[in-house]
Each structure stands twice: as C-alpha cells, then as structure tokens.
Participant: 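Quick one: structure below, then a few questions.
No experiment lies behind these values; they were computed from the predicted model shown. For the single chain, residues carry numbers from 1 onward in sequence order.
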Amino acid sequence: MTTSSQTQVIKSGKTATFYTPLEGGKQVRKAGTYTGVINGQITAPKPGNIDTGLSQTIYVK
C-alpha cells in the first residue's frame with residue numbers, strides 16, 4: 001500500500017487533481033488491479049468532512 005497527504009486551496013466551484021504516490025514516493029511494482037481511496041477535509045469557511053470516494057480502478061501489467 002502507498003499513501004500520500006497533500007494540502008491544496010480549491011476555490012469555490014473549482015476542481016483539483018491529486019497524484020499519489022508523491023514524487024519520490026513508493027511505486028507499485030507488482031501486476032494487479034489497484035483502486036485509490038480518497039478522503040478529504042474542508043477547513044474553511046466552515047470545517048467539515050468530504051465523503052470517502054474511490055478513484056478509477058486500473059490494471060498494472
């Protein structure tokens with residue numbers, strides 16, 4: 001498993017793309033099917049959580 005933690009400021013109505021692993025991070029080395037788990041947190045204007053989501057599933061040869 002690999003993880004990364006990133007902070008980005010996203011203006012209202014805009015989107016952002018997050019990449020994992022971070023540059024220099026642990027890379028996937030084995031063939032298989034991989035799906036990312038996404039967790040987010042809102043810090044302003046009112047703190048709150050974003051529902052957990054799943055990334056697109058990919059197959060690595």
Participant: Output all residues satisfying side chain to side chain contact (heavy atoms under 4.5 Å, CB included) with Thr57, sequence neighbours left out; order by chain, then residue number.
Facilitator: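 For Thr57, the residues satisfying side chain to side chain contact (heavy atoms under 4.5 Å, CB included) (neighbours in sequence not counted) are Thr33, Thr35.
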
Participant: If I compare all heavy atoms of Ala31 with all of Lys61, which pair ends up nearest, and what's the gap?
Facilitator: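 Looks like CB-C, 3.7 Å.
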
Participant: Taking only residues two or more places apart in sequence, or in another chain, which ones meet Ile58 in a side chain to side chain contact (heavy atoms under 4.5 Å, CB included)?
Facilitator: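 By the side chain to side chain contact (heavy atoms under 4.5 Å, CB included) rule, Ile58 matches Tyr34, Val60.
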
Participant: Quick one: list whatever passes side chain to side chain contact (heavy atoms under 4.5 Å, CB included) with Lys46, sequence neighbours left out.
Facilitator: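 Here no residue qualifies.
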
